Asks: 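One structure, pasted below without further comment.
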Protein chains: 2
Amino acid sequence: MTREEKIVDKALEMFNERGIEYVGLRELAAALGIRVGNLTYYFPTKDDLVNRLAQDLSRLNDQLGGAATPDLFSFLERFRKVCEHQIRYRCLLLSVVHLMERNRVLSETYKETEKKRFGSIVGGLSALRQAGYLNPDADTGFLVSVFTLTARFWISEASISFRHLSPREHIHHYAALVAKLFLPYATEKGREDIRRFINGLS
Amino acid sequence: MTREEKIVDKALEMFNERGIEYVGLRELAAALGIRVGNLTYYFPTKDDLVNRLAQDLSRLNDQLGGAATPDLFSFLERFRKVCEHQIRYRCLLLSVVHLMERNRVLSETYKETEKKRFGSIVGGLSALRQAGYLNPDADTGFLVSVFTLTARFWISEASISFRHLSPREHIHHYAALVAKLFLPYATEKGREDIRRFINGLS
DNA sequence: GCCGGTTTAGGACATTGTCCAAATTCAAGT
DNA sequence: ACTTGAATTTGGACAATGTCCTAAACCGGC
C-alpha cells in the first residue's frame, strides 16, 4: 500500500466520520504520522484530495455496468447498489452543494457525469416502458426528476432526520421509497418486480 | 432601522449571495461600515447570527397559518408560498446539513419545528383524504416522505443543476413536481385541484 | 454636568489552507 | 563505490478565519 493510498484511505475515513470541512490537514497528517507539507506533496490542495475521492466513487459506480436494465427489478437493484457506494463515500454527498460551489474541477466533471447518468436513467425508463414494465402513458419526466432528487439527497436527509438508524435501515427506507414511486405507473408485470424488490430488502 | 436590523439584512443578503461559510465577519463588517468587534456585540458568534435568520424564516412560515388545509389546491398553494420563503432564506437551506451538524441550538430547534411540521403534513393529508381529495387507500407515509424530501432539498438541487434558471422557474418546476406526485392518489375532485394549481403556475 | 450602562474600536489569539526552501532519502548510471 | 538527480520529507511562514477581551466613546437620566 503506497503512501498515497494510505492518505486517500485515511482521508475518506476521517471525512466520513466528521465531515470534509471539519477535518484539518494537520489532523489528517497527524493521524498518518506525517507532516502537513508531505500531504501537500501528494495532493497540492485539499480539493485535489477531495477530487480523488470523487473520482474513486465515480469509478465504483461505473463498474456497475452501463444502461443495461432489462427489467424493473434490476433497475431498482442497481439503485440499491449505488446507495451502498454513496454510503462508503458519504462525505462527498453531504457536502455536494458546497463542493459544487467552490471546487471548479469537481463541479465540471460532476456536471458531465450527471448529464450522462441522467441520460442513462431516461433511457432506462423508456426501455422499461417498451419492455412492458411501465405503462405507455407514464410521465417519465416526473419519474426521473423525483428519482434523481432522491438519489442525490437521501443521504443528507438521513443524516439529519434518521441519525439514530443504521445505514442498512436508511437504504431500506429510501429504496422502498423509490420502488413505491414507480408503483402507480407500473404494469402488472412491473408491480410484481416492485413487490419482489421490496420483499428482498428486509 | 436599528443597527441590529441592518446587520441581519446585510448578512442575509451576503449569505444568500455567496454562502454562509464563505462570508467572513470582517467582510460583513466592512460592507456595513463597522468593525468586527461591533458585530460580535450584537451577535456574539456567527452561529447566533445564523440562528436569528433561521428564527426569522420559521416565523415567516408560521405566519402562513396552521394546519387548516381545507382542499388540495390550498395545500399545494401553501407549499408554493413556503418555497418563496425558502428562496429568501436560501443560504440556510443550502447549508442545512452542515448547520445541523455543528450548530447545536439550531439543530434542536429545527428538529422540533420539523417534527411539528411533519405532524401537520400528515394531518393535512389525512384531512384531504377524508374530504375526498385523495383516495382512501392512498399511501400517505410514502407521500409525506417524498414531499418532505423535496421541500428540504429542492433548492439545493436547483442550485446545482438549474443555476441558469430563475427562482420563479425553479418554483414552477418543483411545485409542479409535488403536484404530479399526488396525481395517482387523487380522486377526480383532487385531480381537478391539481390541474388548476399547475395551470396557475405559469 | 456628572454617571452608568450601551455601543464601538482595535487588536490578540488559535486555527485554517496554502506555499516554499532546505534537508533528507533513494535508486540509477558510471 | 561514488555521484548525480529526482523523489520525498521537513519545518516554518503566510494570510484569512471565528472568537474573545479591554479600553475608549457615546448618550440619556439624575
Side-chain angles (χ1 to χ4, degrees), chain A residues 1-54 91-92 94-107, chain B residues 1-54 91-92 94-107:
Chain A
M1 201 183 208
T2 74
R3 166 137 297 177
E4 186 175 316
E5 287 171 332
K6 282 183 193 170
I7 293 176
V8 172
D9 273 25
K10 198 65 172 177
L12 180 58
E13 180 190 327
M14 296 180 73
F15 288 171
N16 277 338
E17 192 73 28
R18 316 218 320 268
I20 294 175
E21 32 282 274
Y22 304 111
V23 174
L25 295 184
R26 286 163 183 81
E27 289 176 273
L28 177 55
L32 287 160
I34 61 178
R35 314 296 132 205
V36 188
N38 196 2
L39 222 47
T40 73
Y41 171 75
Y42 291 97
F43 300 97
T45 73
K46 197 179 181 181
D47 276 347
D48 289 323
L49 182 50
V50 172
N51 289 344
R52 165 59 178 272
L53 293 176
C91 61
L92 293 174
L94 291 176
S95 299
V96 65
V97 176
H98 293 18
L99 292 175
M100 296 294 287
E101 276 171 355
R102 307 309 277 199
N103 186 329
R104 188 153 221 105
V105 178
L106 190 58
S107 152
Chain B
M1 199 182 210
T2 74
R3 168 139 297 178
E4 187 175 316
E5 288 171 332
K6 282 184 192 169
I7 293 176
V8 172
D9 273 25
K10 199 63 171 179
L12 180 58
E13 179 190 328
M14 294 181 74
F15 288 171
N16 278 338
E17 191 72 29
R18 317 220 318 269
I20 294 176
E21 32 283 274
Y22 304 110
V23 174
L25 295 184
R26 285 165 182 79
E27 289 177 273
L28 177 56
L32 286 160
I34 62 177
R35 313 297 131 204
V36 188
N38 196 3
L39 223 48
T40 73
Y41 170 75
Y42 292 97
F43 300 97
T45 72
K46 195 178 183 180
D47 277 346
D48 289 322
L49 183 50
V50 172
N51 290 344
R52 163 61 177 272
L53 293 176
C91 60
L92 294 174
L94 291 176
S95 299
V96 64
V97 177
H98 294 4
L99 292 175
M100 296 294 288
E101 276 171 356
R102 308 307 278 198
N103 185 329
R104 187 153 223 105
V105 179
L106 188 58
S107 152

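A, B, ... follow the sequence lines: proteins, then strands. Residue 1 opens every chain. If you're wondering where the values come from, they're calculated on a predicted model, not measured in any experiment. Any value given below was found using the heavy atoms of this structure, including those in side chains, with hydrogens, waters and symmetry copies removed.
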Asks: What is the distance from CD of B/E4 to P of C/dT6, rounded to the nearest Å?
Replies: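 In whole Å, C/dT6 P and B/E4 CD are 14 Å from each other.
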Asks: Could you tell me how far apart B/N38 (CG) and C/dT6 (P) are, to the nearest whole angstrom?
Replies: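 It is 15 Å, rounded to the nearest whole Å.
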Asks: Should the pair B/E27-B/R18 be classified as a salt bridge under the 4.0 Å nitrogen-to-oxygen rule?
Replies: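 Looking at B/E27 and B/R18, the cut-off is met.
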Asks: With a 4.5 Å heavy-atom cut-off, do B/N103 and B/V105 have their side chains touching?
Replies: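 In contact.
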Asks: Does any part of the side chain of B/L53, heavy atoms only, come nearer than 4.5 Å to the side chain of B/V8, both counted from C-beta?
Replies: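 Yes, close enough: below the 4.5 Å cut-off.
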Asks: Expected output is a numbered-order residue list: members of residues 18-36 of chain A with a heavy atom under 4.0 Å from any atom of DNA chain D. What is it?
Replies: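 Output list: A/R26, A/R35.
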Asks: Which whole-number value in Å describes the distance from A/D47 CG to C/dC19 P?
Replies: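 Roughly 11 Å, once rounded to whole Å.
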Asks: Within a strict 4.5 Å, meaning less than it, do heavy atoms of the A/E21 and B/E21 side chains meet?
Replies: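 A side-chain contact is absent here, since even the closest heavy-atom pair is not under 4.5 Å.
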Asks: Quick one: which of C/dC19, C/dA9, D/dT9 gets closest to the side chain of A/T45?
Replies: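 Given the options C/dC19, C/dA9, D/dT9, the side chain of A/T45 is closest to C/dC19.
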Asks: Without decimals, in angstroms, what is the distance between A/K6 NZ and D/dT8 P?
Replies: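 So the two atoms are 14 Å apart, to the nearest Å.
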Asks: Can you tell me the distance, in whole Å, between the NZ atom of A/K46 and the C1' atom of C/dG17?
Replies: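 Going from A/K46 (NZ) to C/dG17 (C1'), I get 8 Å.
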Asks: Check the distance between C/dG11's P and B/L39's CG and give it to me in whole angstrom.
Replies: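 In whole Å, C/dG11 P lies 18 Å from B/L39 CG.
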Asks: How many Å lie between OH on A/Y41 and P on C/dG17, as a whole number?
Replies: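 Between P of C/dG17 and OH of A/Y41: 22 Å.
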Asks: If we only count heavy atoms from C-beta on, is the A/I34 to A/L39 side-chain gap below 4.5 Å?
Replies: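 The answer is yes; the side chains approach within 4.5 Å.
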